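This structure is a prediction, so every number in the text was calculated from the model and none was measured.
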Amino acid sequence: MNVIQNEEVAEVEEKERFEITDESSLHWTFRKMRELKGEIAEKEELAKLEYDRIDEDRKLVDVWLEKETNPLLQSIEYFDHLIREYHMTLLSKDDSKKTLSTPYGESKTTTTAEQPDKADDEKLLEYVKENNLTKFLKVEESVRWGELKKSLMVSGENVVDESGEIVKGVKVKPKTVNYKIELN
């Protein structure tokens, strides 16, 4: 962006509160966002060239890129907010305004119907049980193997628990030797 464009964006942001009031101001906002994104892309490309050029101290380029792009990203977020606000206003007046289209961008909305949303697992489970809605219950009885394994011991060909009883469904895994090769 050139100096005049920078001043134009700064002017808008410094005003008490810029508002998108019509299609013309919507077009202007999209155009400015597009220009800002282009400027960010240019700076990122320059940073990439510098990364390729230097092997060490890439942090300098990262710091420069962040310093250069943060104000641009903030402006983009500001304009994004303005567009959303304008679109919400139009949509509240006319629910057919689901898409706002300009040569520089679009604002689209999608609507989902109201639907249930789980808020408390315990209360929901209690409700299902009290109302005998068993078809909605999961049967998830499973062993916490990691914890059980710590309490087991190998005794010959068998695996036994702390009391010496053979544990069914568990077998002895034979001793293995693993090799790792490292080259200097």
What is the distance from atom [atom1] of [X] to atom [atom2] of [Y], rounded to the nearest 0.5 Å?
X: T69; Y: E39; atom1: OG1; atom2: CD; value: 10.0 Å
X: K32; Y: K37; atom1: NZ; atom2: NZ; value: 15.5 Å
X: E35; Y: L72; atom1: CD; atom2: CG; value: 11.5 Å

Query raised in the report: Looking only at side chains, do S155 and N158 share a donor and an acceptor under 3.5 Å apart?
Result: no
Report task. Decide whether D94 and S96 meet the rule of one side-chain donor and one side-chain acceptor closer than 3.5 Å. Result -> yes
Flag yes if more than 12 heavy atoms outside [X] fall under 6.0 Å of its [atom1] atom; otherwise flag no.
X: E157; atom1: CD; value: no
X: E85; atom1: CD; value: yes
X: K97; atom1: NZ; value: no
X: E23; atom1: CD; value: no

**Report entry** Exam field: side chain T109 to backbone K98, donor-acceptor pair closer than 3.5 Å
**Finding:** yes
Requested in this report: Check for a donor-acceptor pair, side chain of T102 on one end and backbone N or O of G105 on the other, with a separation under 3.5 Å.
Outcome: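 Yes, the answer is positive, given that a donor and an acceptor are paired below the 3.5 Å cut-off.
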**Report entry** Residues E106, L100; criterion side chain to side chain contact (heavy atoms under 4.5 Å, CB included); working and verdict
**Finding:** CA-CA 5 Å; E106 290 184 328; L100 303 179; over 6 Å; no
Please check if [X] and [Y] belong to a single hydrophobic cluster, counting links between Ile, Leu, Val, Met, Phe, Trp and Tyr side chain heavy atoms closer than 4.5 Å.
X: I40; Y: M33; result: yes
X: L73; Y: Y78; result: yes
X: I83; Y: L91; result: no

Is [Y] close to [X] at the side-chain level, that is, under 4.5 Å between some pair of heavy atoms?
X: F30; Y: R34; value: no
X: H87; Y: L26; value: no
X: R84; Y: S107; value: no
X: E19; Y: L82; value: no

Requested in this report: Give a yes or no on whether a salt bridge exists between K48 and E45, defined as a side-chain N under 4.0 angstrom from a carboxylate O.
Outcome: no
Requested in this report: For a side-chain contact (heavy atoms from CB on, under 4.5 Å) with T29, tell me which candidate from Y104, Y86, F18 qualifies.
Outcome: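 One option only clears the test, and that one is F18.
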